[in-house]
Colleague: 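If you scroll down you'll find the structure; I have some questions about it.
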Amino acid sequence: MLKQHLQFKLSRKLSPQQIQLMKLIQLPTQAFEQRLKQELEENPALESGKEDLDNTSEDYEDIYDNESDSETIAADDINIDDYLSDDEVPDYRTQANNYSADDDEKSVPYAAGTTFNQYLINQLNTVYLNDEEWAIAEFLVGSVDESGYIRRPISDILDDLAFTQNVYTDEETIKKVLSIVQELDPPGVAARSLEECLIIQLERKEITPSIELAISILKKSFEQFTKKHYKKLIQKHNVTEEELKDAISEIEKLNPKPGGSYSGNNRIIEHVVPDFSIRIVEGELELSLNGRNAPELHVSKEYSNMLKGYKESKDKTKSQKDTVLFIKQKLDAAKWFIDAIRQRQQTLFITMNAIMQYQKEYFLTGDERNLRPMILKDIADEIDMDVSTVSRVANSKYVDTPYGTKLIKEYFSESMKNDQGEDVSTKEIKKILETVIKNEEKRKPLTDDKLAAILKEKGYPIARRTVAKYREQMDIPVARLRKEI
């Protein structure tokens, strides 16, 4: 029995071509274009663009007519005619209604500037520093993380400067240089804590009574501020509720992550290009695949002519045979790649079409409460494909809809039963939960127990811990931290 089990496992092993196809399916539009470019560069037998079909059909027909007279390399059993019939546009290009026009393509750009550390170094170049101060400043900038903080103790920095930079100094000098680095933009950069970050930003502003009170609160009552103990703050700082409200308003305008608006130390954020587009035309959904996913490819005419010349040659030398074997290898790869692209487009379109039809009510209305519970297996069963294939499409592709561009996997969700015994999407419950929290009395935010009770009244009997889980998934803080004055 063990042997039979092992044989079964081996029979399920994917071929290299199948693995490559799975990788192609997983690629989003921009990565696919890079993969296509790489294949065109590496395989001279593969060409892009429309092929000139003038007189080619007649030439090939002549070859077909004389097929019985042709010689072949028996040892390798090459049927040359198989490689001389790729002069037509691939059939997946004839279904134009499946692809959006190039001028209708959408992309969502994200700024990708210089690295954050380099941005800080560029500013340091405008500050006068002696050699020791410059070495310390450069090291401090290198210690700034992507959020804009230096999270290491001064004592550790002192040791590292000595061991790695051969700079021997003292903590007071490091603190002096740190204060210079903290004057760089964006305000709050190089802070060692959230408290220090916010104070630095406030001290860069024009001082007003509200800002002065805000600084005092952060310096003397930071813990009470974070816990929103407003009554204690009013008593401790001897202010009115309105004055406290104005001071807190100034703090809320600050940026807790001054490095967050930059692209990161070595990261460039690329454009998001939708792989699909869904439009409502006369009350019906219309799906199209981004045209950049359907390139015009064909087998090189030059390579085909080389095979044709070999076929017509009467005396076939060893050199010619070696050449035709090389050509066969390249043409095999070109033919496989063209076929793989066709399979990729079919898989993408069939999968997204099944998702669109499954969530038809949502795509027609844009109301997230109309999202049906949907898991990968639902779509896999619908289109008779493997769950892993559906996952590759859903996890890496974007769709442009009348309601914005979204990652496809966002439309998948598990189901729960409502009080009528009907299956409802967890997304529907989260949307209702979000609306309830949005409309709550901010002076007295609703606890998870009260939220669970409200959802139960609306027909969704879920436990308090489930409410807490959904709230955390939506990055909504607990009631105490949602409190306002």
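Since we're looking at a predicted model, the values are computed, not measured. These numbers come from the heavy atoms of this one structure, side chains and all, not from hydrogens, waters or symmetry mates. Counting begins at 1 with the first residue of the sequence.
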Colleague: Return yes if some donor-acceptor pair links the side-chain N/O of Ser143 with the main-chain N/O of Ile150 below 3.5 Å, else return no.
Modeller: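 The answer is no, because no donor-acceptor pair under 3.5 Å joins these two groups.
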Colleague: Indicate yes or no for a side-chain donor-acceptor contact from Asn439 to the backbone of Thr435 under 3.5 Å, with no hydrogens or angles considered.
Modeller: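 Yes, Asn439 side chain to Thr435 backbone: donor-acceptor pair under 3.5 Å.
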Colleague: Should Glu361 and Arg372 be marked as a salt bridge (Lys or Arg N to Asp or Glu O under 4.0 Å) after you check the CA-CA gap, both sets of side-chain angles, and the distance that decides it?
Modeller: CA-CA 9 Å; Glu361 190 174 354; Arg372 296 172 57 192; over 6 Å; no
Colleague: For the backbone of Ala190 and the side chain of Gln182, can you confirm whether one donor and one acceptor N or O come within less than 3.5 Å of each other?
Modeller: yes
Colleague: Minimum heavy-atom separation for Pro258 to Pro187, with atom names?
Modeller: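 Minimum heavy-atom contact is CB-O, 3.7 Å.
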Colleague: Check this for me: does any side-chain nitrogen of one of Asp339 and Arg342 sit under 4.0 Å from a carboxylate oxygen of the other?
Modeller: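 A salt bridge links Asp339 with Arg342.
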Colleague: Does this structure show an ion pair linking Glu250 with Lys253, if we count only N-O contacts that are shorter than 4.0 Å?
Modeller: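 Judged by the 4.0 Å cut-off on N to carboxylate O distance, Glu250 and Lys253 do form a salt bridge.
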Colleague: Are the side chains of Asn290 and Val273 in contact, using a 4.5 Å heavy-atom criterion?
Modeller: yes
Colleague: Only one of Leu348, Leu376, Asp275, Ile355 clears side-chain contact (heavy atoms from CB on, under 4.5 Å) with Val393; which?
Modeller: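 Of the listed options, the one satisfying the test is Leu348.
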Colleague: Mark yes or no for whether Asn43, through its side chain, and Lys330, through its backbone, hold a donor-acceptor pair below 3.5 Å.
Modeller: yes
Colleague: Within the supplied structure, the quantity of interest is the number of heavy atoms (other residues, nucleotides, ligands) at a distance under 6.0 Å from Glu39 CD; does it exceed 12?
Modeller: yes
Colleague: Okay, side chain of Gln26, backbone of Ser396: is any donor-acceptor separation there less than 3.5 Å?
Modeller: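 No.
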Colleague: Taking Thr351 for its side chain and Thr347 for its backbone only, find out whether a donor-acceptor pair lies under 3.5 Å.
Modeller: yes
Colleague: Minimum heavy-atom separation for Gly188 and Cys197, please, with both atom names.
Modeller: O-SG, 3.7 Å
Colleague: Would you say the side-chain atoms of Arg392 pair up with the backbone N or O of Ile25, donor to acceptor, closer than 3.5 Å?
Modeller: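 Looks like no, no N/O pair under 3.5 Å.
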Colleague: Do Leu46 and Ile338 have side-chain heavy atoms sitting under 4.5 Å apart?
Modeller: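 Yes - at least one pair of side-chain heavy atoms lies under 4.5 Å apart.
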Colleague: Would you name the heavy atoms of Leu218 and Glu195 that are closest together and state the gap between them?
Modeller: O-OE2, 2.9 Å
Colleague: Go through it in stages, so that I can follow the logic: the residues are Ser388 and Asp386, the test is side chain to side chain donor-acceptor pair (under 3.5 Å), and I'd like the CA-CA distance, side-chain angles, deciding distance and then a yes or no.
Modeller: CA-CA 5 Å; Ser388 63; Asp386 195 82; 2.5 Å; yes
Colleague: Counting only N and O atoms by type, is there a donor-acceptor contact under 3.5 Å from the side chain of Ser249 to the main-chain atoms of Lys245?
Modeller: no
Colleague: May I have the step-by-step check of side-chain contact (heavy atoms from CB on, under 4.5 Å) for Tyr470 and Ile476, ending in yes or no?
Modeller: CA-CA 9 Å; Tyr470 291 166; Ile476 298 175; over 6 Å; no
Colleague: Give the intermediate values and the outcome of salt bridge (Lys or Arg N to Asp or Glu O under 4.0 Å) for residues Arg465 and Asp448.
Modeller: CA-CA 8 Å; Arg465 62 179 179 275; Asp448 291 340; over 6 Å; no
